[in-house]
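To start, the structure itself, in structure tokens.
Count residues from 1 along the sequence. Note that the structure is a prediction, hence the values are computed from the model and not measured.
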Amino acid sequence: MDLIYAYPAEKGQGVEAEIVGTLRDRFGAVAQTAREERDAEHGDRTDVFVTLEVNDDRAEAALEALRAHPLVIDAAAHSFGERF
């Protein structure tokens with residue numbers, strides 16, 4: 001299943017490596033499949049949107065872990081709908 005999350009670009013790409021490493025440790029196979037920088041919806045900044053591929057049976061737990069990460073703005077399964 002694809003999961004997508006967003007974080008503030010000014011935090012640097014180290015956020016992505018940390019998140020993927022943590023999720024792999026906890027949930028097994030996790031692969032980053034896409035990355036895109038976009039202007040933030042609010043304020044004068046840029047956000048990064050990252051897509052991860054996670055095993056379906058671990059997707060819900062991985063999504064909860066993403067949402068709990070202090071640098072993640074938002075996370076969702078598949079996409080953010082009209083925002084994506």
Side-chain angles (χ1 to χ4, degrees):
M1 172 182 286
D2 285 343
L3 303 180
I4 186 168
Y5 71 94
Y7 72 90
E10 67 267 10
K11 298 301 181 181
Q13 282 187 294
V15 171
E16 295 168 44
E18 175 196 337
I19 286 174
V20 167
T22 299
L23 292 179
R24 280 183 183 151
D25 289 346
R26 292 180 64 189
F27 306 112
V30 175
Q32 183 170 319
T33 59
R35 179 187 192 278
E36 182 180 350
E37 290 191 24
R38 298 185 193 170
D39 291 337
E41 287 187 12
H42 304 287
D44 187 28
R45 68 172 208 249
T46 302
D47 291 335
V48 177
F49 291 77
V50 178
T51 303
L52 302 173
E53 187 176 312
V54 181
N55 291 332
D56 287 349
D57 62 332
R58 306 303 306 261
E60 191 62 37
L63 183 58
E64 289 177 27
L66 279 171
R67 288 178 174 155
H69 192 283
L71 295 179
V72 170
I73 297 167
D74 198 2
H78 306 290
S79 75
F80 288 127
E82 67 280 349
R83 290 191 300 162
F84 186 66

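Scored by the side chain to side chain donor-acceptor pair (under 3.5 Å) test, Glu18 finds His69 as partners (sequence neighbours excluded). Partners of Glu37 by side chain to side chain donor-acceptor pair (under 3.5 Å), not counting sequence neighbours, listed by chain and number: Arg35. Under the side chain to side chain donor-acceptor pair (under 3.5 Å) criterion, Tyr5 pairs with no residue, sequence neighbours left out. Every residue two or more places apart in sequence or in another chain that forms a side chain to side chain contact (heavy atoms under 4.5 Å, CB included) with Ala40 is listed here: Arg45, Asp47. Residues that satisfy the side chain to side chain donor-acceptor pair (under 3.5 Å) test with Glu60, not counting sequence neighbours, are absent from this structure.
We find the CD1-CG distance between Ile73 and Leu66 to be 13.0 Å, quoted to the nearest 0.5 Å.
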Distance-only donor-acceptor hits, side chain of residues 23-31, under 3.5 Å, sequence neighbours excluded:
from, atom 1, to, atom 2, distance (Å)
Arg24, NE, Val30, O, 2.8
Arg24, NH2, Val30, O, 3.0

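Val48 pairs in a side chain to side chain contact (heavy atoms under 4.5 Å, CB included) with only one of the listed residues (Arg38, Glu16, Glu36), which is Glu16.
Taking the side chain as every heavy atom from C-beta outward, Met1 and His78 approach each other to under 4.5 Å. At a threshold of 4.5 Å between non-hydrogen side-chain atoms, the residues Val20 and Val50 do not count as touching. Taking 4.5 Å as the limit, every side-chain heavy atom of Thr33 sits out of range of all side-chain heavy atoms of Leu52.
Closest approach of Ala77 to Leu3, counting heavy atoms only: CA-CD2, 3.9 Å.
Residues Phe49 and Leu63 are members of separate hydrophobic clusters, defined by side-chain heavy-atom contacts under 4.5 angstrom among Ile, Leu, Val, Met, Phe, Trp and Tyr.
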